[in-house]
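Notes follow the structure.
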Amino acid sequence: MADYNTMELMICSAARELEDGSSVGVGTGAPCAAAMLAQKAHSPSLVIFFEAGGAAPLIPEMPISVGDSRTTYKAVMASGMCEVMETACRGMLDYTFLGGAQIDMYGNLNSTRIGPDHQKPKVRFPGSGGANDFASFCWRMMVMTPQDSKRFTEKCQYITTPGWLTGGDSRAKSGLPLGAGPYKIITNMAVMDFEEESKRMRLIAVNPGYSEKDVQNNCGFELLKAKKIVENKPPTKHELTILREEIDPYRYVIGR
Amino acid sequence: MADYNTMELMICSAARELEDGSSVGVGTGAPCAAAMLAQKAHSPSLVIFFEAGGAAPLIPEMPISVGDSRTTYKAVMASGMCEVMETACRGMLDYTFLGGAQIDMYGNLNSTRIGPDHQKPKVRFPGSGGANDFASFCWRMMVMTPQDSKRFTEKCQYITTPGWLTGGDSRAKSGLPLGAGPYKIITNMAVMDFEEESKRMRLIAVNPGYSEKDVQNNCGFELLKAKKIVENKPPTKHELTILREEIDPYRYVIGR
Amino acid sequence: MQVIDQGIGKIFTDPDADKAREFFRKKNRKLESKLMSVKEAVAKYVHDGDYLVLGGFGANRIPAAVAHEILRQGRKNMGFAGHTSTHDFQILCAGEVFNRCDAAYIVGLEARGLSPNARRYMESGKVEVSEWTNYSLSVRFKAAAAGVSYYPSRNIMGTDTFKYSGGKIVECPFTGTKYFANPALYPDVSAIHVHEADIYGNCRVRGITVSDFDVARASKHLIITCERLVTEEEIRRDPSFTVIPYWLVDAVCPVPYGSYPGNMYGEYFSDEEHLREWMKVEENPEAFKAFLDKNIYSSKDHFEYIEKNGGMHKMLKLREKEFLFLKARD
Amino acid sequence: MQVIDQGIGKIFTDPDADKAREFFRKKNRKLESKLMSVKEAVAKYVHDGDYLVLGGFGANRIPAAVAHEILRQGRKNMGFAGHTSTHDFQILCAGEVFNRCDAAYIVGLEARGLSPNARRYMESGKVEVSEWTNYSLSVRFKAAAAGVSYYPSRNIMGTDTFKYSGGKIVECPFTGTKYFANPALYPDVSAIHVHEADIYGNCRVRGITVSDFDVARASKHLIITCERLVTEEEIRRDPSFTVIPYWLVDAVCPVPYGSYPGNMYGEYFSDEEHLREWMKVEENPEAFKAFLDKNIYSSKDHFEYIEKNGGMHKMLKLREKEFLFLKARD
């Protein structure tokens with residue numbers, strides 16, 4: 001039963017969110033593995049988009065870049081950045097998976113910098129890339145990330161990518177498309193969603209081997225808790241077989 | 001010497017305006033014949049654009065439609081309407097040739113309607129098509145048209161396509177791109193340009209066989225006159241040979 | 001936003017991007033066969049009152065079979081985009097299909113002259129008209145394809161085309177330059193004829209694309225007619241060639257010679273003889289009625305229409321014209 | 001126009017469309033050979049202080065030969081668009097080529113990790129940075145390609161990415177919806193690597209086009225490097241395939257394997273071994289200097305660089321990787 005690691009569990013949890021006939025914008029690494037797993041395990045019609053232009057490929061192996069040839073292998077279309085982002089902006093992309101150096105209680109993400117001086121940061125990260133765009137446009141934004149209290153922070157030093165902003169109706173007021181926003185946060189310890197009114201992060205499921213307290217102890221802000229917190233289901237044999245043998249045989253993602 | 005008709009003269013006059021290495025947006029009929037003649041006679045590098053997407057074709061025979069296969073024959077690119085119009089809007093198109101049911105002293109054109117009721121016009125014409133766009137964007141707009149005082153009217157019943165609007169700096173103030181506007185009007189009787197300050201139509205050349213008075217008598221408004229009005233040069237043998245044998249052997253345009 | 005000036009024309013479709021998003025959220029993304037007949041496609045996706053767009057360019061790569069079927073099924077009170085609409089416009093006017101029209105280029109057939117019947121219809125007062133230009137209609141589609149409610153452009157200002165449009169004049173927040181704001185146009189339904197499609201709706205087009213790239217993306221429903229079905233494998237062999245991906249498409253109808261009597265790049269030229277006959281017969285309303293009965297109302301589909309106008313012999317001749325073995329206007 | 005809010009980032013290029021028009025008015029439209037070496041092209045069209053864009057996507061279809069030559073010729077004080085700029089960014093940082101940067105994705109190499117040297121440079125305070133997103137930079141190119149000074153989009157609002165951008169928030173004149181106004185970006189010079197080009201600059205690209213369609217149109221000067229020269233006749237055989245027409249192009253430089261060590265769709269995969277070596281050696285500034293001397297400064301051109309890193313044997317191996325005969329990360 002415990003013959004899996006937390007990365008494998010996270011990928012399986014994420015994959016289960018992607019129902020057949022839905023569409024998802026992904027990057028490299030774990031999100032891509034989750035989309036590939038969903039497609040092979042239960043959602044053959046999942047439409048996978050890469051921001052550089054690859055649309056609905058039959059991904060033969062994990063891409064290194066969201067623009068490399070793997071992202072257009074036997075694809076339906078090799079397009080460009082405007083095509084993909086505008087497809088998302090029209091409302092055709094259901095999901096996206098993102099990450100970041102910091103995440104706050106409203107699901108806002110920092111992938112730009114640490115340190116107060118923008119022109120001379122202490123640490124410079126890549127910035128938005130397409131993350132801000134996917135998070136603005138895709139109906140449901142999800143995050144796969146390790147859980148620790150530095151990363152899950154009271155306040156991001158810089159908001160690269162919009163979550164629910166300052167909660168409540170702040171996102172709707174900002175001008176971002178209505179109805180889209182953070183949906184689930186998947187960590188090594190738990191799964192969180194967002195409370196409907198306040199838009200604050202809320203614990204809904206705990207992974208086997210962790211307690212609610214573990215989760216809160218590894219979170220830099222107070223988590224809301226769902227009325228009923230369930231235990232997250234472990235990966236099935238079927239999922240693990242696909243993940244290990246077909247998707248990531250060299251364990252680039254799941255082995256680390 | 002007089003072995004040519006006025007349509008042939010108009011086409012030759014128009015063709016001479018198109019210097020080598022320039023670009024022109026054209027429609028079907030006489031403008032297309034003029035562009036083809038220029039390309040074959042003296043401007044091999046003339047770049048011809050059609051609004052539907054054809055770019056730099058080697059036109060094998062007169063097109064029937066600005067979107068038919070003749071407009072992309074051995075073309076450099078088969079694109080679309082945005083591509084062509086945005087190329088023009090970026091300032092890459094030097095010339096365009098247009099026409100209309102009415103033209104006023106500022107070179108504004110009516111190709112939309114006759115009669116005061118827009119929803120129930122006396123006569124409905126096609127409307128702008130790409131004419132308004134080419135006239136807005138191309139640096140120098142030219143018109144090839146028969147000269148009569150009904151067509152050359154004091155005031156168009158409807159301005160489909162911008163000339164110099166109400167003259168002076170009115171066009172610059174309108175928001176249309178700076179520096180572009182009507183350049184020459186080529187008729188069966190004469191060639192007109194526009195006086196620099198007032199932007200009023202000005203007679204600069206008269207065709208063989210016509211007088212300045214003929215031109216004014218066939219114009220519904222007062223024409224300005226250039227200091228020196230020249231006689232327009234007749235077609236050369238070379239031009240006529242190309243026009244008659246290569247471009248319009250069936251005399252679709254020049255014969256009528 | 002400060003509006004400097006605005007046209008008096010109506011906007012016949014809702015430019016609101018969030019409302020469009022709500023529609024597209026529910027649009028089917030499953031990879032499943034959408035093969036059906038033109039008759040089924042029109043019955044299912046073209047409704048009275050809908051706003052319609054026909055792809056191609058007037059008499060070039062037009063979905064003629066869909067236009068005929070719309071007449072046969074008697075659609076009425078539609079909105080229509082007259083975006084260099086020539087022979088397709090002529091067909092729809094014959095059926096008095098629409099009662100509101102965004103006009104950029106209508107009633108004419110370019111070098112062929114003006115359609116007497118289309119003119120009669122447009123002069124009858126039965127059709128509410130807003131004015132645009134070809135490029136502005138393109139930009140309206142382009143804005144919708146981008147999922148926004150407007151895009152700015154630099155044409156149209158200073159003219160009556162602006163005055164009778166539904167657009168507004170605004171200023172660039174960076175340069176102060178004036179711009180014509182084009183409201184996004186999200187059609188209820190569009191039909192586009194393409195060279196190749198698979199059963200899911202992945203399409204390839206050769207030659208000019210006109211505004212079809214954006215029309216396909218802007219449309220809530222999309223009917224594809226194609227010259228040839230190809231396999232999904234052929235589409236995936238080189239995804240560089242796909243112009244319209246399957247998730248935009250609701251119906252795939254194989255209709256060889258589907259642009260007839262229009263031109264189809266690399267396939268067949270337009271049937272100028274038949275188009276001349278059409279223009280001529282429109283001069284006489286009685287004769288035109290009989291002509292329509294024969295060619296549209298009593299034909300069960302596009303093949304019967306073609307059969308009545310020369311059949312495969314005619315198609316071969318048009319193919320020879322396309323490849324310049326015969327002159328276009330012969 | 002009423003501006004609701006605006007970022008504090010600088011706009012490094014002039015979005016004015018009329019000024020861009022004045023430039024493009026004088027741009028050469030003659031059909032004449034633009035064949036030259038990368039060395040000549042960079043000498044002629046890339047100047048100190050210019051604003052530069054490199055096409056492709058970081059380590060996919062990038063004009064690597066041009067980037068190296070810019071270092072060899074010692075260009076400084078340039079502006080640069082960090083539009084998913086990964087290995088190309090790493091190269092330019094190595095030469096400290098730019099001192100202002102529009103950042104969307106920089107310093108990282110996607111799944112490969114972060115570039116130590118690019119981070120050092122971007123944390124040094126030597127570079128003035130405005131923030132954008134990949135899509136916003138795409139829209140800025142798209143607006144310039146359309147010959148306007150801005151286009152609206154629905155991303156970025158509510159974030160610090162907005163705050164440190166040079167954009168503004170405006171309202172749709174039709175719906176009142178808020179939009180991020182993206183100022184048009186007309187680069188002084190861009191370089192794009194393509195699959196095929198003729199001597200005049202007509203280009204074909206396979207696979208993803210990223211933003212290169214718009215970058216090519218937006219740029220005042222454009223350097224093309226190509227895998228293969230083809231004839232003008234081949235281009236004109238089917239104009240459907242042309243992505244960049246010749247009138248946009250100033251220089252055509254045939255550079256087989258020109259995207260190396262990046263990936264080239266349908267040709268060769270990226271050289272992950274070499275990219276790992278590059279990342280590793282950056283950790284040690286002294287070693288990195290020697291590495292740059294060897295690979296860039298003491299190489300006379302791209303072929304010598306390739307020769308030093310495995311030559312044709314390596315190229316054949318990368319071709320096998322591209323076609324999945326070998327795993328990508330081997």
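All values reported here derive from a predicted model rather than from experimental measurement. Order of the sequence lines fixes the chain letters, A, B, ..., with proteins taken first and strands second; residue numbering starts at 1 for each chain.
- For chain A, no part of Y186(C) is nearby; none of its heavy atoms comes within less than 4.5 Å.
- Neither the backbone nor the side chain of R237(C) has a heavy atom closer than 4.5 Å to any heavy atom of chain A.
- Within the 4.5 angstrom heavy-atom criterion, atoms from both the backbone and the side chain of E22(C) approach chain A.
- With a 6.0 Å radius and a threshold of 12 heavy atoms from other residues, nucleotides or ligands, K27(C) has its NZ atom above the threshold.
- Comparing R25(C), E32(C), E233(C) by heavy-atom pairs within less than 4.5 Å of chain A, the highest count is held by R25(C).
- Interface remark: S22(A) contributes backbone atoms only to the contact with chain C (heavy atom separation under 4.5 Å).
- Not a single donor-acceptor pair under 3.5 Å links the side chain of S190(C) to the backbone N or O of A216(C).
- Under a 3.5 Å cut-off, the side chain of R21(C) and the backbone N or O of A88(A) do form a donor-acceptor pair.
- A donor-acceptor distance shorter than 3.5 angstrom exists from the side chain of T160(A) to the backbone of S111(A), with no hydrogens or angles considered.
- Taking chain C as the reference chain and counting heavy-atom pairs below 4.5 Å, the highest number among L58(A), T87(A), D20(A) is found for L58(A).
- Side chains of T225(C) and H193(C): a donor on one and an acceptor on the other come within 3.5 Å.
- Using a 4.5 Å cut-off between heavy atoms, A17(C) does not touch chain A at all.
- Under the 3.5 Å distance criterion, with hydrogens and angles disregarded, no donor-acceptor pair is assigned to the side chains of D133(A) and S128(A).
- For L93(A), the part lying near chain C is the backbone, with the side chain staying farther off; criterion is any non-hydrogen pair under 4.5 Å.
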